[in-house]
Trainee: 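Okay, here's the structure, questions in a sec.
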Amino acid sequence: MPALVTRPVAKAMSGGTERRPGLLGDPALHRALVTTCVVIILVSILVTVLVPRRVDLQEGQPAKIDIQASRDIINRPATDRLREEAAREAIKEANASPANYDISLAASINAEDTIDLIFDALAEERRKIGIWQQGDGQGAAERILAAASSGLKERAQRDFGTKLSAETITTLMGLSHEDFSRARTSAKAIAGRIMRELRVSRETLDTATKQASDNVAALGLPGAVTKALTQIVTSQISPNLVLNPGKVERAREAAVREVKPVMILKGQAIIRRGEIATGDHIAILQDLGLLAPRFEPLIVTAIVMLVVILVSVIGVYLYLHRRDILLDAKLLLLLGTVVVMIAFAAAVICAIPWPGAGFLVPVSLGTMLIAILLDPKLSALTAAVFGVLTGIVGGGSLALAITATLSGLAGTFCVTRISERSDLMRAGAVVGAANAIIIAAVGPTTGDPAVLRLWYLGIVNGVLSTVVTIGFLPFFENLFRITTPVKLLELSNPTQTLLRKLLVEAPGTYHHSIIVGNLAEAAAEAVGADSLLVRVGAYYHDVGKMKRPYFFVENQLMQDNPHDKLAPTLSTLVITSHVKDGVEMALRHNLPQAIVDIIKEHHGTSLVPYFYHKATEGGKEETIDEEDFRYPGPKPQTKEAAIVMLADSVEAAVRSLARPTPGRIEGLVRKIIKERLADGQFDECNLTLKDLDGVARAFVRVLTGVFHSRIEYPDVTLKDLEAKRA
């Protein structure tokens, strides 16, 4: 029979033995190719931007072409000259400033040591002549003292650089041992204290000398001794200030820091064609990397590592949270296309020689597309990736990187709950305002207040990104067969071709589908499924009945039931074929795959009980195969398809109740759910027992509201009303 012909096909569709795909059809190979292509394209974009072309130019040669700066850079030769000039001036000012001079402890120690040496020499002569221990007579003592005095004068001048008068030497030589020691100690103390505590310069030398004299006089010694000590002490008072190298260096460093670097902006001419290259030109070209003698693999290696890290971050997120995207080469291609598109736009826009060009990179375009087409959380992650790429392409600008990241996040948050395309325009206004605030805030915080004046670019960026998103969205939806909320809302419009045709050709089925949609939506919200997809899928789940509408009881208005004249097997074939017919209609009208799957799976492999029991009642049980009276499947693969299956069954069953009280409704709902569960219809989807309980409660709540008890109105005729009016 025809029903038996379709059964092997259904089994193959629902998990029978499948042929292993060849190498070219291997999904893992497809995913690897997509990932590799994305990495190669991103590396190529970054290499093109970050690795400038080389020029062959030497000092003294004329330039063959105009050479422009590929990025913002410091004019090192000019800046170094300014810094050297500032350093020289700072050193001159530091040398002339007394504040940079410190008292030298070495000068104090040297003064004390010199006085010690003078008194040592005096003591040595005192021991030699022994004038107090020997009794050679007064005349001999005077001659020996005069000779010693002359020798000490010459020695003091020669060895100590100190001029001593004969009177000073004679006075000190004539002191007692105790007075001599006291004089030594006092002279050292006064000279050391003056040299340690007073800042003695050429200008203040007289003042210091006078203070030393006053200190000696304050000792109260005899006049001759005071005069002698004054000569010795004052001879050791000299300028004791030395220049502090640390202070001079700090002054020099401060002056160098205050010099603002001379900048060469991106796009600024370095050397014109025909101009003779100077040392400055060569140095600038070297800093830009334009004079490298050979290709540097280190730069390319770093770029490859960066791209691999960024792609790996996205891959790890997908592996942990959205493995369905990671395992679908088509969705990976969509994600890679958006990433490459934004990277390419960043490279092109940042190449414009204008400081504000980088703030026009449409990062929010990429994040809005990913949020709508794939996943909002993935979109938030890609905002950070886009920010890194934009900052690098924009010359390593921190302001650009932060602005791009926050702009992308703003785009993500503004489209997480869109209900129609006009919501995207409102999102554009919000993103534009957010971008303007971000730019105004990022400039001063990153040390570039000039960015504040470019706030208006945020509004331009947000609005343009949204306009382009609206334009690209249908393209991506159709090319990658993505079902977005916007697409679903458009399909739920009653003016859609299939729905309008269903209303005209099968009004009972249309009404049934609307109620099923309400039931399914409430159940989906209760268990956290996609309520919008469930509602729209319910609207279209029975469109296949339009091919033979009067074979379905809800469309048999005042007509005979054609199944009364058909064999149960043939009736079953007609009934079950509405699934295949619905799939064909859906594909012909380009409905999203998610809707097609719900149409295909909303009966699963369930039994058509009426005609099965009718066949068994015919007395030929031995020839009846239950499989001939089942839908071809497959079983529901998702929560959404399973919910539509239950809503479809429950609505039809409750509609047949004679007295639909709340208790009877709940009992019937739970009975149907239990039967579907026992029949194994939920074996291939992730619907749990807890979810089934939530679905049942949602169904009962909605159905109780639909089939509520009504007031019985009195039987009043038109004549009675006219009589009352009279």
Side-chain angles (χ1 to χ4, degrees), residues 29-55 65 67-73 266-267 285 288-318 325-326 329-354 357-358 360-367 369-370 374 378 381-397 400-401 404-405 408 465 468 472 475-476 479-480:
L29 177 62
H30 295 168
R31 295 193 297 269
L33 288 175
V34 170
T35 305
T36 303
C37 289
V38 170
V39 170
I40 292 174
I41 295 173
L42 290 177
V43 169
S44 301
I45 292 173
L46 293 181
V47 167
T48 302
V49 174
L50 301 179
V51 180
R53 60 180 182 174
R54 267 59 176 172
V55 294
I65 57 174
I67 303 176
Q68 297 176 338
S70 57
R71 65 179 186 275
D72 293 350
I73 191 175
K266 182 178 180 180
L285 294 176
L288 286 170
L290 298 177
L291 287 180
R294 58 185 177 84
F295 181 72
E296 291 291 344
L298 183 61
I299 300 177
V300 177
T301 302
I303 292 174
V304 172
M305 291 177 61
L306 173 66
V307 171
V308 169
I309 290 172
L310 294 178
V311 172
S312 298
V313 168
I314 297 177
V316 170
Y317 171 83
L318 293 177
I325 298 177
L326 185 63
K330 181 183 66 175
L331 297 181
L332 279 182
L333 180 59
L334 169 60
L335 176 60
T337 301
V338 175
V339 172
V340 168
M341 181 177 66
I342 298 303
F344 179 76
V348 173
I349 293 174
C350 289
I352 300 174
W354 180 53
L360 291 175
V361 176
V363 171
S364 54
L365 162 64
T367 57
L369 286 174
I370 293 174
L374 295 174
L378 174 62
L381 176 64
T382 56
V385 174
F386 291 152
V388 173
L389 291 174
T390 303
I392 293 174
V393 171
S397 171
L400 271 184
T405 301
S465 296
V468 178
F472 275 176
F475 171 76
F476 281 112
L479 182 63
F480 293 97

Trainee: If every non-hydrogen atom of P362 is compared with every non-hydrogen atom of I342, which pair is closest and at what distance?
Mentor: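 In this case the closest contact between P362 and I342 is O-CD1, 3.4 Å.
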Trainee: Could you tell me which non-hydrogen atom of A357 sits nearest to which non-hydrogen atom of I349, and how far apart they are?
Mentor: O-CG2, 3.0 Å
Trainee: How long is the span from the CZ atom in F344 to the OG1 atom in T337, to the nearest 0.5 Å?
Mentor: 14.0 Å
Trainee: Below 4.5 Å, heavy atoms only, C-beta onward: do L333 and F480 meet side chain to side chain?
Mentor: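 When only atoms from C-beta onward are counted, F480 and L333 do touch, with a gap below 4.5 Å.
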Trainee: Step by step, would you call F386 with T367 a side-chain contact (heavy atoms from CB on, under 4.5 Å)?
Mentor: CA-CA 9 Å; F386 291 152; T367 57; 4.0 Å; yes
Trainee: How far does CG of L285 sit from CD1 of I67, to the nearest 0.5 angstrom?
Mentor: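 It is 5.0 Å, given to the nearest 0.5 Å.
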Trainee: Do V38 and L335 make a side-chain contact, defined as non-hydrogen atoms from C-beta onward lying under 4.5 Å apart?
Mentor: no
Trainee: Test side-chain contact (heavy atoms from CB on, under 4.5 Å) on L332 and L318 and set out the steps.
Mentor: CA-CA 10 Å; L332 279 182; L318 293 177; 4.0 Å; yes
Trainee: Given side chains that start at C-beta, do those of L46 and L389 come closer than 4.5 Å, heavy atoms only?
Mentor: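 Yes, their side chains come closer than 4.5 Å.
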Trainee: As an exercise, state the distance from CD1 of I40 to CD1 of I45, rounded to the nearest 0.5 Å.
Mentor: 12.5 Å
Trainee: Has the side chain of S397 got a donor or acceptor atom that lies under 3.5 Å from a matching backbone atom of L400?
Mentor: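 Side chain of S397 to backbone of L400, a donor-acceptor pair under 3.5 Å: yes, one is there.
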Trainee: Would you check if V34 and K330 make a side-chain contact, meaning some heavy-atom pair closer than 4.5 Å?
Mentor: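 Contact flag for V34/K330 side chains = no.
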Trainee: Counting C-beta onward and ignoring hydrogens, is there a side-chain heavy-atom pair between I314 and L378 closer than 4.5 Å?
Mentor: yes
Trainee: Is the shortest heavy-atom distance from the side chain of C37 to the side chain of V340 under 4.5 Å?
Mentor: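 Not touching, per the 4.5 Å side-chain cut-off.
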Trainee: When rounded to the nearest 0.5 angstrom, what distance separates OG1 in T35 from CG in L326?
Mentor: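 Answer rounded to 0.5 Å: 7.5 Å.
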Trainee: Roughly how far apart are F475 CZ and L369 CG, rounded to 0.5 Å?
Mentor: 11.0 Å
Trainee: Taking the side chain as C-beta and beyond, is there a heavy-atom pair between V361 and C350 under 4.5 Å?
Mentor: yes
Trainee: Which atom pair, heavy atoms only, marks the closest approach of V363 to A404?
Mentor: CG1-O, 3.3 Å
Trainee: In Å and rounded to the nearest 0.5 Å, what is the CD1 to CG distance from I392 to L50?
Mentor: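 That separation rounds to 7.0 Å.
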Trainee: Do V304 and V300 have side chains that approach each other closer than 4.5 Å (heavy atoms only, starting at C-beta)?
Mentor: yes
Trainee: Using the rule side chain to side chain contact (heavy atoms under 4.5 Å, CB included), only one of T36, L42, V339 pairs with V311; which is it?
Mentor: L42
Trainee: Closer than 3.5 angstrom, by distance alone: can the side chain of T390 be matched with the main-chain N or O of G387 as a donor-acceptor pair?
Mentor: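 Between the backbone of G387 and the side chain of T390 there is no qualifying donor-acceptor contact (under 3.5 Å).
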Trainee: Looking only at heavy atoms, which two atoms of V308 and S312 are closest? And how far apart?
Mentor: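 Between these two residues, the closest heavy atoms are O-OG, 2.6 Å.
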